[in-house]
Amino acid sequence: MSDIYDKIMDLVRRRGFIWPASECYGSVAGFIDYGPLGSMMKRRIEDTWREFYVVREGYYEIECPTIGQEDVFIASGHVKGFSDKMCQCPHCKEYLRADHIAEGKGVQGASTMSAGELASVLCTLPCPACEEVLGEVEVFHFNLMFQTSIGPGSQRKGYLRPETAQGMFTDFQRLLRFYRDSLPFGAVQIGKSYRNEISPRQGMIRLREFTQAEAEIFVHPQEKNHPFFPRYAEYRMPLLGIAQQQENTPAIETTMHEAVESGLVANQYVAYYLALTHHLLVTIGVNPQKLRFRQHLPDERAHYAEDCWDAEIFSERFGWVETVGIADRTDYDLLAHEKQSGERFAVFIPYETPRRERRVRVIANMGALGPRFRGKAKSVADALAEAVPGPDGITLRIDGEEVFISPDLYQVKEEEIEIPGEEITPHVIEPSYGIDRMIYAVLEHSYAEEMVNEEERRVLRLPPRIAPIQVAVFPLMNRDGLPEIATDLATRLKAKGIMAEYDDSGAIGRRYRRQDEVGTPFAVTVDYETPESGTVTLRDRDSMQQVRVRADTLPELLRSLVEGSTTFASLSPV
RNA sequence: GCAUCGAUGGUCUAGUGGCAUGACUUAGGCCUUCCAAGCCUAUAGCCCGGGUUCAAUUCCCGGUCGAUGCACCA
């Protein structure tokens, strides 16, 4: 067994956190099953995410189909941008972008050629890698989206979504109405996304089917101050900006307030979600020493993005892994869907006081223009409105002909009109989380081995709110009525919504170790004092310390321990 | 996808052209008054498909999965 990754993957397989999918048929790379404890842990992480984004921020959750029709992904750019024409050099086996080779040799319009055309162009060209003439090569499309078809017969093309974000964009108009036509507002989605990775080789880090939690926050383009910014204004965390990367200097430890003031972070919204993300990741058990926020360099940032940061988590196995992306995507997505769908994706913003504007209006005398110009009357009227003629008539060029329009054919009115507001396309702030990567990071960061009485103790130091099982209940001895009392206690805890597990198999020490390995934060033992005094021992996973507490206070006590409003160290024995 | 290497109970592992080792785990029992103790018993395995052979877990071919390097990574 070499490194921590192997140890963790061994543990999560054995103890029912994560399994290879459809193992009995031989599994396929890039697909995993979450087992009993893994599903529980994943749900608790998702629920913590919901607590931050839905409950606290007030961005409601929506749920959209995982299959989308082609138009959606034409607009998003995934049909085009996610697909490349590729070929393989028959000599050196190098994978190559077919259009790039042709363009490199001066072939015009290579990027718009069909695969067949490209193949015929390529057969006389040399491979840029090994210089051999390519000869007959097959040019194929590779798109990272899984394609499917919708309905029988002449089917519509469908794609499994490569990200959850598009649902929030396609629902934009409905969401806008839901939030009663005012900015800012946001919607979130937690769900599966699919990318047909060429070779997913990094276990849980690179999956073909994975869970994303994304928020799309729609804001006024000129108002990027977050209404709750003070909440994180003094939040201090390390930021690795573009300058620090280029100059190879360490991350700057700074408050969000300073980061925005100094221009390191583009605006309050981005800074706010950087801090919130840091807060959230640490809450679920990511080690803050192994967490950094790195700004995208200009050449890796999408051209439309105003600012973009990745939360990167350090893994002993994989190095710095990008786990969360936080971007100011401006109006790119909404405008793209506007163009593709022909619908309007804008918000009407009323002015505080309606603006009054003087405007000159030309009213054409259609009764006179009609008979005079017949078919051209409409063009003349339009030209007049554009030209704004004076009181003496005007000469206009209509369809290549000079035409004099005498003043009796129109009236010029100067008037004051009221403009109540304007339509704007909101900008989008997008925090996007890779849930599976977060789960892996938490597992890796919470895994520990230590020697206790010359025995190795493996323990997952999961935060109590994330641990799949919250409390274990044991009878000290498997007789003398203790099992009955313990079973009853476990049932009472479960009735209060606490995930409790009863275990009476083997020595007490073994049972503690079993729970340590799956991260159960607390264990309650019913012993010979329990029948007499109604007290039990409560054991803390991390310190292995025990205190004696009244059994009837356990539901309340455990709830506050799991929530974190009480710490074990603060408990005093009864 | 290419190249190299690997795959034996749940886990780690020995070994083999002819009954497949051992340890741990798990389950049941005995014992045990708080951190993987001990004893007895039980469950459970040669990655999948094809070929060679009287006989294949073992040899050969193909595949799957994993590790490593290369390529790919919106």
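Residue numbering restarts at 1 for every chain, and letters A, B, ... go by the order of the sequence lines.
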Taking [Y]'s backbone N and O only, do any of them form a donor-acceptor pair with [X]'s side chain (distance below 3.5 Å, no angle check)?
X	Y	answer
A/D480	A/L482	no
A/W309	A/Q295	no
A/R541	A/D516	no
A/D503	A/F474	no

- Message: Taking the six-membered ring of A/W320 as reference, does the cationic atom of A/R292 (NZ for Lys, CZ for Arg) lie under 6.0 Å from its centre and within 45° of its axis?
- Response: yes
Nearest-Å distance, [atom1] ([X]) to [atom2] ([N])?
X	N	atom1	atom2	result
A/F17	B/G10	CZ	P	20 Å
A/R14	B/U26	CZ	C1'	12 Å
A/N478	B/G28	CG	C1'	12 Å
A/F31	B/G66	CZ	C1'	17 Å
A/E23	B/U11	CD	P	8 Å
A/M145	B/C73	CE	P	16 Å
A/D6	B/U11	CG	P	14 Å
A/L482	B/C34	CG	C1'	12 Å

- Query: Is the base of B/C39 syn or anti, if syn means a glycosidic angle within 90° of 0?
  - Reply: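 Nucleotide B/C39 adopts anti.
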Phosphate-side-chain proximity, [X] and [N], N/O vs OP1/OP2 below 4.0 Å:
X	N	result
A/R15	B/G10	no
A/S505	B/U26	no
A/R208	B/C73	no

[atom1] spacing across the pair [N] / [M], given as an integer number of angstrom:
N	M	atom1	value
B/U43	B/U32	P	28 Å
B/G1	B/G63	P	10 Å
B/G45	B/G15	C1'	14 Å

What is the base-pairing partner of [N], counting Watson-Crick and G-U wobble geometry with both distances under 3.5 Å?
N	answer
B/U11	B/A23
B/C59	B/G51
B/C5	B/G66
B/G38	B/C30
B/C46	none

- Decide if atom CZ of A/R43 counts as having more than 12 heavy atoms of other residues, nucleotides or ligands within a radius under 6.0 Å. no
- Does atom CD of A/E456 have more than 12 heavy-atom neighbours, drawn from other residues, nucleotides or ligands, at distances under 6.0 Å? yes
- Query: Are a donor atom and an acceptor atom from the side chains of A/Q69 and A/R156 found within less than 3.5 Å of each other?
  - Reply: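 There is such a pair between these side chains.
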- Are side-chain N/O atoms of A/T530 and A/D527 paired as donor and acceptor at under 3.5 Å?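 A donor-acceptor contact under 3.5 Å links the two side chains.
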- RNA chain B: A/Y5 or A/R479, which has the more 5' nearest nucleotide?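 In this pair, the answer is A/R479.
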- So which one's nearest nucleotide on RNA chain B is more toward 5', A/S27 or A/D503? A/D503
- Side chain of A/T537, base of B/C34: donor and acceptor closer than 3.5 Å?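 When only heavy-atom distances are counted, A/T537 does reach the base of B/C34 through a donor-acceptor pair under 3.5 Å.
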Expected rows: protein N/O vs nucleotides 35-37 of chain B N/O, under 3.5 Å:
residue : atom : partner : partner atom : Å
B/C35   : O2'  : A/R513  : NH2          : 2.9
B/C35   : O2   : A/R513  : NH1          : 2.6
B/C35   : O2   : A/R539  : NH2          : 3.1
B/C35   : N3   : A/R539  : NE           : 2.8
B/C35   : N3   : A/R539  : NH2          : 3.3
B/C35   : N4   : A/R539  : NE           : 3.2
B/C35   : N4   : A/M544  : O            : 2.8
B/A36   : N7   : A/E456  : O            : 3.4
B/A37   : OP1  : A/R510  : NH2          : 3.1

- Nucleotide of B/C73, B/U68, B/U32 approaching A/R317 most closely (side-chain heavy atoms): B/U68
- Message: Let's see if you can work this out: which of B/G66, B/U11, B/U33 has an atom nearest to the side-chain heavy atoms of A/D10?
- Response: B/U11
